[in-house]
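Below: one structure, written as structure tokens.
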Amino acid sequence: MSEQNYKNHRKFYPPHHFIYLPLLIALEIYGIYKIGNDPEHQLTWILFSIVIFLLFYLAFMTRQHYALGLQNRMVMLEFKQRYFEIFGQRSDEIADQLRFDQIAALRFAYDDEFRELLNKAIKENLSGDEIKRSIKIWKADNQRV
């Protein structure tokens with residue numbers, strides 16, 4: 001990846017996003033097509049389509065649930081550690097004043113901007129996206145899922 005910034009900070013897992021899920025979508029489309037064009041085996045194709053849909057749904061939701069849940073915990077811990085390193089204080093009060101999207105966005109700012117954007121986020125209730133757009137020098141996070 002070239003230098004990370006607001007426009008390219010999202011990350012994809014190619015086997016999942018570009019092979020497995022598209023394959024399931026293609027199979028689902030094929031199954032639905034066959035429901036209307038193979039009346040002799042219509043029930044089989046209906047069941048096939050239901051199973052493929054359930055596999056797609058399960059794959060999508062399980063991947064999202066576990067990966068994002070773990071990542072969210074790590075982002076919170078990273079925020080607390082970083083806050084302590086910068087300010088020398090516990091972050092419990094500050095963390096309670098922020099939403100998760102704000103905390104997640106702050107990780108893309110270097111320490112000087114972190115201080116400034118943290119105060120702005122609390123005072124002006126900036127959204128995570130507004131915080132990201134305000135970052136002048138982007139601190140890449142290349143280890144996300």
Side-chain angles (χ1 to χ4, degrees), residues 1-37 42 44-145:
M1 179 187 283
S2 59
E3 185 176 319
Q4 192 182 72
N5 58 47
Y6 176 77
K7 292 181 180 172
N8 70 1
H9 76 286
R10 288 184 164 71
K11 186 175 179 183
F12 295 99
Y13 179 56
H16 183 80
H17 289 102
F18 303 119
I19 297 171
Y20 183 68
L21 292 180
L23 179 63
L24 286 178
I25 291 169
L27 287 172
E28 185 67 19
I29 291 168
Y30 181 71
I32 291 169
Y33 169 79
K34 291 299 275 182
I35 289 169
N37 290 318
Q42 190 174 36
T44 301
W45 289 112
I46 289 171
L47 293 174
F48 174 84
S49 295
I50 290 171
V51 168
I52 295 299
F53 174 79
L54 291 174
L55 285 173
F56 177 83
Y57 182 78
L58 181 64
F60 181 77
M61 294 310 295
T62 302
R63 181 193 171 277
Q64 294 298 103
H65 177 72
Y66 291 128
L68 293 179
L70 180 58
Q71 182 172 287
N72 291 354
R73 288 185 63 147
M74 294 182 78
V75 166
M76 287 298 294
L77 288 171
E78 175 187 297
F79 172 82
K80 290 178 178 195
Q81 178 65 32
R82 189 172 185 198
Y83 186 90
F84 183 78
E85 289 173 2
I86 293 171
F87 296 103
Q89 302 172 9
R90 292 178 57 97
S91 63
D92 296 336
E93 267 185 50
I94 296 296
D96 289 342
Q97 295 176 44
L98 297 168
R99 296 184 313 275
F100 179 78
D101 69 309
Q102 294 170 310
I103 290 171
L106 285 166
R107 70 192 165 131
F108 294 109
Y110 281 98
D111 291 350
D112 292 337
E113 278 189 287
F114 177 88
R115 287 183 183 98
E116 175 188 326
L117 290 171
L118 175 62
N119 290 328
K120 224 174 162 181
I122 291 170
K123 288 177 184 166
E124 299 175 25
N125 196 27
L126 297 177
S127 71
D129 194 60
E130 289 171 321
I131 292 169
K132 288 179 187 179
R133 290 179 189 274
S134 299
I135 296 171
K136 295 174 187 97
I137 301 172
W138 193 269
K139 180 180 175 189
D141 178 5
N142 296 313
Q143 298 177 337
R144 297 176 310 112
V145 281

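Note: hydrogens, waters and symmetry copies are ignored here, and every other heavy atom, side chains too, is used. By convention here, the first residue in the shown sequence is residue 1.
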Check your understanding: Thinking salt bridges, do Lys139 and Asp111 make one under a 4.0 Å N-O criterion?
Key ->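 A salt bridge is absent here (no side-chain N lies under 4.0 Å from a carboxylate O).
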Practice item. For the pair Arg133 and Asp129, find out whether any cationic side-chain nitrogen is under 4.0 Å from an anionic carboxylate oxygen. Key: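 Salt bridge flag = yes for Asp129 with Arg133.
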Is it the case that over 12 heavy atoms from other parts of the model lie below 6.0 angstrom from the [atom1] atom of [X]?
X: Tyr57; atom1: OH; result: no
X: Tyr66; atom1: OH; result: no
X: Tyr20; atom1: OH; result: yes
X: Leu54; atom1: CG; result: yes
X: Phe60; atom1: CZ; result: no
X: Arg99; atom1: CZ; result: yes
X: Tyr33; atom1: OH; result: no

Over all atoms of both residues, closest heavy-atom pair of [X] and [Y]:
X: Pro22; Y: His16; value: CD-O, 4.1 Å
X: Ile135; Y: Ala105; value: CD1-O, 3.8 Å
X: Gln89; Y: Tyr83; value: O-CD2, 3.4 Å
X: Asp92; Y: Lys80; value: OD1-NZ, 4.0 Å
X: Asp101; Y: Ser127; value: OD2-C, 3.8 Å
X: Gln102; Y: Ala121; value: NE2-O, 3.5 Å

Exercise for review: Decide side-chain contact (heavy atoms from CB on, under 4.5 Å) for Glu113 and Leu106; before the verdict, give the C-alpha distance in whole Å, the side-chain angles of both, and the deciding distance to 0.1 Å.
Suggested key: CA-CA 9 Å; Glu113 278 189 287; Leu106 285 166; over 6 Å; no
Measuring from atom [atom1] of [X] to atom [atom2] of [Y], what distance do you get when rounded to the nearest 0.5 angstrom?
X: Asn37; Y: Gln42; atom1: CG; atom2: CD; value: 10.0 Å
X: Ile19; Y: Leu24; atom1: CD1; atom2: CG; value: 12.0 Å
X: Gln97; Y: Lys123; atom1: CD; atom2: NZ; value: 11.0 Å
X: Leu117; Y: Tyr110; atom1: CG; atom2: OH; value: 14.0 Å
X: Ile131; Y: Leu126; atom1: CD1; atom2: CG; value: 5.5 Å
X: Ser91; Y: Leu118; atom1: OG; atom2: CG; value: 9.5 Å

Point to revise | side-chain hydrogen bond (donor to acceptor under 3.5 Å, both in side chains) against Glu116, all qualifying residues, sequence neighbours excluded | key: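 Checked Glu116 against side-chain hydrogen bond (donor to acceptor under 3.5 Å, both in side chains); zero matches.
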Review point. Are Phe48 and Leu27 close enough that some pair of their side-chain heavy atoms sits under 4.5 Å apart?
Key: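 In contact.
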Point to revise | Worked check of side-chain contact (heavy atoms from CB on, under 4.5 Å) between Ile52 and Tyr30 | key: CA-CA 10 Å; Ile52 295 299; Tyr30 181 71; over 6 Å; no
Check your understanding: Hey, what's the ring geometry for Trp138 with Tyr6, parallel, tilted or perpendicular (30° and 60° as the breaks)?
Key ->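 Judged by the thresholds at 30° and 60°, the geometry between Trp138 and Tyr6 is perpendicular.
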Review point. Any sub-3.5 Å donor-acceptor pair from Asn8's side-chain atoms to Asn5's backbone N or O?
Key: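 Present.
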Check your understanding: Distance-only, no hydrogens or angles: does the Arg82 side chain make a donor-acceptor pair with backbone N or O of Phe79 under 3.5 Å?
Key ->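 No, because the side chain of Arg82 does not come within donor-acceptor range (under 3.5 Å) of the backbone of Phe79.
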**Study point:** CA sep, side-chain torsions, deciding dist, call: Val75, Phe100, side-chain contact (heavy atoms from CB on, under 4.5 Å)
**Key:** CA-CA 9 Å; Val75 166; Phe100 179 78; 3.9 Å; yes
Review point. Just checking, any donor-acceptor pair under 3.5 angstrom between side chains of Gln81 and Glu85?
Key: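 Note: Gln81 and Glu85 side chains meet the donor-acceptor criterion.
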Review point. Is there a side-chain contact (heavy atoms from CB on, under 4.5 Å) between Glu28 and Phe56 once you walk through the steps?
Key: CA-CA 9 Å; Glu28 185 67 19; Phe56 177 83; over 6 Å; no
